[in-house]
Amino acid sequence: TAGLYFADKSLVNSFRFWTEKIAVRLNHAFLIAVSKEVYEKCMQHFGKHASEIRCIENGIDTAAFNYELRHEAGKENFGFKNGDIIVTYVARMDSGKDHITLLKAWKQVTMHAVNVHLCLLGNGELRSSLEEFVQKNDLQKSVTFFGNISHVNSILAITDIGAFSSLFEGLSIAVIEKMFMKIPVVATDIPMIRSLIVHGETGFLFPPKDYHRLAECLLLLINDAALRLKIGNQAYCSVQKYSMSAMICKHKNYYEDIISGYNSR
């Protein structure tokens, strides 16, 4: 990850961090970082302790997250109308994923757009407080809490726009899955996301916690079907290297390198 207790300098997290360093050293660990940003953090914190650190970016099951599913999906199967615009956020409900910024933005969106629905996939410790926010702001007709579901791709198949308000990420599988599904994504402008999305070309970025800007980007896509199509297609072309097969090949090579290294001793 790029955040969690790397970012929080509390006494408990400092102890966790210290024990990880000891464990890595004692076990002569070979580490795999899932993105360039995580690789840099691993080198910074574990470079003196690990046997080796290599960057192997996570991969997507392109058979499951196939944009062709979008041509067959029916929004009515989930209680929506075919003309509705569906916005989806897939993330566990904790403070780092910053759902509250998205809900504040959504309140503004619903003031300027009709027939729009926000789908929230995932559970977590903050779900009850988020549901309370939805109730207090009279958003229950346009926000659906799906909880944890196994068929995320079926929801993405009816999704018109992806939202992502997380404050830090190692490598966001959820964003890449949407991009493989040709869904235009509006995401937080943080280092890892900038490695995936070029603002205005393969998606849209907004400053962390800036729900006004997030609402503006969402409304831009909601009101322009041609732009959604263009951004979605360009997003798809930009993420082809994040396939499951490419990831497996790199893992295989890493293990083979380690084994050959031991055999040569």
Side-chain angles (χ1 to χ4, degrees), residues 1-62 64-65 89-99 121-127 129 147-150 152 164-177 187-196 208-209 239 241-265:
T1 182
L4 295 178
Y5 61 91
F6 288 156
D8 183 355
K9 303 302 182 182
S10 68
L11 182 61
V12 171
N13 283 337
S14 295
F15 178 74
R16 288 177 63 189
F17 209 1
W18 177 79
T19 57
E20 278 203 5
K21 289 181 179 180
I22 297 300
V24 166
R25 175 180 291 180
L26 291 178
N27 288 282
H28 307 287
F30 292 79
L31 302 185
I32 295 174
V34 298
S35 71
K36 291 180 179 179
E37 184 186 5
V38 173
Y39 174 79
E40 291 172 358
K41 286 190 176 293
C42 282
M43 289 299 295
Q44 176 186 349
H45 298 298
F46 299 106
K48 296 180 180 179
H49 308 281
S51 294
E52 184 183 344
I53 303 173
R54 190 174 297 190
C55 179
I56 301 178
E57 292 157 323
N58 277 338
I60 302 301
D61 183 352
T62 55
F65 294 91
Y89 184 27
V90 183
R92 66 183 179 276
M93 294 179 174
D94 61 28
S95 58
K97 299 301 181 181
D98 198 23
H99 286 73
L121 278 61
N123 273 323
E125 59 192 29
L126 296 183
R127 175 164 176 168
S129 64
N148 291 328
I149 63 173
S150 59
V152 173
F164 196 78
S165 53
S166 182
L167 298 176
F168 49 77
E169 288 293 318
L171 180 69
S172 176
I173 293 295
V175 169
I176 298 172
E177 287 171 348
T188 321
D189 189 0
I190 54 179
M192 193 290 300
I193 296 296
R194 285 197 296 274
S195 72
L196 294 174
K209 293 185 175 293
V239 292
K241 70 176 181 178
Y242 297 102
S243 68
M244 184 74 73
S245 58
M247 180 192 73
I248 290 172
C249 182
K250 292 176 182 178
H251 275 270
K252 181 174 179 289
N253 291 340
Y254 195 13
Y255 279 95
E256 289 177 347
D257 289 346
I258 293 170
I259 291 170
S260 64
Y262 277 112
N263 290 339
S264 65
R265 292 179 180 179

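We use all heavy atoms of the structure for the numbers below, so side chains are in, but hydrogens, waters and symmetry mates are not.
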Minimal non-hydrogen separation, H99 against R92, with atom names
CE1-O, 3.1 Å

Please identify each residue that fulfils salt bridge (Lys or Arg N to Asp or Glu O under 4.0 Å) with D189, with sequence neighbours left out.
R194

Donor-acceptor check, side chain of D94 to backbone of G96, threshold 3.5 angstrom: yes or no?
yes

Crowding at NZ, K36 (>12 non-hydrogen neighbours, <6.0 Å)
no

E125: partners by salt bridge (Lys or Arg N to Asp or Glu O under 4.0 Å), with sequence neighbours left out:
none

Any heavy-atom pair between the side chains of L171 and V38 that's under 4.5 Å?
no

Which residues share a salt bridge (Lys or Arg N to Asp or Glu O under 4.0 Å) with K209, sequence neighbours left out:
D98

Qualifying residues under side chain to side chain donor-acceptor pair (under 3.5 Å), relative to T19, sequence neighbours excluded:
none

Measure across G147 and R127 and return the closest heavy-atom pair with its distance rounded to 0.1 Å.
CA-NH1, 3.4 Å

Tell me every residue that passes side-chain contact (heavy atoms from CB on, under 4.5 Å) with S95, counting only those two or more places apart in sequence or in another chain.
L126

Applying side chain to side chain donor-acceptor pair (under 3.5 Å), can you list everything that pairs with K48, at least two apart in sequence or on another chain?
none

Name all residues meeting the side chain to side chain donor-acceptor pair (under 3.5 Å) criterion together with S166; count only those two or more places apart in sequence or in a different chain, and write none if there are none.
E169

May I ask you to establish whether K252 and Y255 are in a cation-pi arrangement, using a distance under 6.0 Å from NZ or CZ to the six-membered ring centre and at most 45° from the ring axis?
no

Looking at every heavy atom in both K241 and A246, which two are closest together, and how far apart are they?
O-CB, 3.8 Å

Nearest-0.5 Å distance that lies between atom CG in L196 and atom CD in E57:
8.5 Å

Determine yes or no for a side-chain-to-main-chain donor-acceptor pair under 3.5 angstrom, with N148 supplying the side chain and N123 the backbone.
yes

Atom CD1 of I32 and atom NZ of K250: how far apart are they, to the nearest 0.5 Å?
11.5 Å

Quick one: side-chain contact (heavy atoms from CB on, under 4.5 Å) partners of I53, sequence neighbours excluded?
L31, Y39, C42, M43, F46, A50

Do the side chain of S243 and the main chain of D61 share a donor and acceptor less than 3.5 angstrom apart?
no

Please list, chain by chain and in numerical order, all residues satisfying ring-ring contact (aromatic ring centres under 6.0 Å, His included) with F164, sequence neighbours excluded.
Y89

Enter the distance from K97:NZ to S172:OG here, rounded to the nearest 0.5 Å.
6.5 Å

Non-neighbouring partners of Q44 that pass side chain to side chain donor-acceptor pair (under 3.5 Å), sequence neighbours left out:
none

Give a yes or no on whether the backbone of P208 and the side-chain of T188 come within a donor-acceptor separation of less than 3.5 Å.
no

Who pairs with R54 by salt bridge (Lys or Arg N to Asp or Glu O under 4.0 Å), at least two apart in sequence or on another chain?
E52, D257

Measuring only between side-chain heavy atoms, which start at C-beta, is I56 closer than 4.5 Å to M247?
yes

S195: which residues meet the side-chain contact (heavy atoms from CB on, under 4.5 Å) condition with it, sequence neighbours left out?
M192

Distance check, rounded to the nearest 0.5 Å: N58 atom CG versus I173 atom CD1?
4.0 Å

